[in-house]
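Let me begin by presenting the structure, written as structure tokens, before commenting on it.
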Amino acid sequence: MARLVRHDATGPIEIKQADGQSIWICACGLSQDLPYCDSSHERTAAEEKGKCYVYDKGRQKVVDCRDDQ
């Protein structure tokens, strides 16, 4: 069963570890290495506000763009 899930974030969430290192968690939903960020959010830079972008099954390219409701 397929479903659309809304992701409004255009960047990752930083998780600071006790040793001072950071882990970056994908918040845009486009990473190929979920739950970790692989910089796929850079594709969201050209997205217009007020639009809803639908990506293909592989989260690689936009297949539809709709007015956000």
Side-chain angles (χ1 to χ4, degrees):
M1 175 184 321
R3 64 183 53 85
L4 292 175
V5 177
R6 179 185 298 269
H7 290 271
D8 292 332
T10 57
I13 298 168
E14 180 181 13
I15 308 290
K16 290 230 182 226
Q17 300 182 86
D19 64 1
Q21 299 280 352
S22 293
I23 296 174
W24 295 90
I25 302 298
C26 176
C28 74
L30 299 176
S31 177
Q32 297 300 302
D33 190 27
L34 291 172
Y36 306 105
C37 176
D38 68 359
S39 297
S40 291
H41 59 273
E42 292 174 0
R43 280 184 256 144
T44 68
E47 293 179 354
E48 273 183 64
K49 290 200 183 285
K51 298 288 184 180
C52 179
Y53 292 82
V54 179
Y55 283 79
D56 66 346
K57 194 173 183 177
R59 302 181 307 274
Q60 293 292 314
K61 64 180 182 171
V62 174
V63 294
D64 193 13
C65 179
R66 309 169 184 175
D67 288 331
D68 196 11
Q69 299 178 12

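What you are looking at is a predicted structure, and each value in this text was computed from that prediction instead of being measured.
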- Item | With sequence neighbours excluded, residues passing salt bridge (Lys or Arg N to Asp or Glu O under 4.0 Å) with Asp68 |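 Salt bridge (Lys or Arg N to Asp or Glu O under 4.0 Å) check on Asp68 returns Arg6.
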- The complete set of salt bridge (Lys or Arg N to Asp or Glu O under 4.0 Å) pairs with one or both residues in residues 21-46, sequence neighbours excluded, reads none
- Task: Return each pair, listed once, that meets salt bridge (Lys or Arg N to Asp or Glu O under 4.0 Å) where at least one residue sits in residues 15-32; pairs must be two or more places apart or across chains.
- Result: Glu14-Lys16
- Query: Does Gln32 use its side chain to pair, donor to acceptor, with the backbone of Gly58 at less than 3.5 Å?
  - Reply: yes
- Heavy-atom closest contact (His41 atom, Pro12 atom, distance): CE1-CD, 3.7 Å
- Query: If you group Ile, Leu, Val, Met, Phe, Trp and Tyr whenever their side-chain heavy atoms sit less than 4.5 Å apart, what else falls in with Val63?
  - Reply: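 Its cluster partners, ordered by chain and number, are Leu4, Val54.
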- In the hydrophobic clustering (ILVMFWY, side-chain contacts below 4.5 Å, transitive), which residues join Ile13, or is it alone? Ile15, Ile23, Ile25, Tyr36
- Does Leu34 have any side-chain contact (heavy atoms from CB on, under 4.5 Å) partners at least two apart in sequence or in another chain, and if so, which?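 side-chain contact (heavy atoms from CB on, under 4.5 Å) check on Leu34 returns Cys26, Ser31, Arg59.
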- Task: Nearest 0.5 Å please: distance from the CG atom of Leu30 over to the SG atom of Cys37.
- Result: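 Taking CG in Leu30 and SG in Cys37, the distance rounds to 10.0 Å.
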- Nearest 0.5 Å, what's the SG-NE2 distance between Cys52 and His7?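 Going from SG on Cys52 over to NE2 on His7, the span is 11.0 Å.
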- Item | Pairing residues for Glu47 by the side chain to side chain donor-acceptor pair (under 3.5 Å) criterion, not counting sequence neighbours | Tyr55
- Partner residues of Asp64 under the side chain to side chain donor-acceptor pair (under 3.5 Å) criterion, sequence neighbours left out: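 Once residues adjacent in sequence are excluded, the partners of Asp64 under the side chain to side chain donor-acceptor pair (under 3.5 Å) criterion are Arg66.
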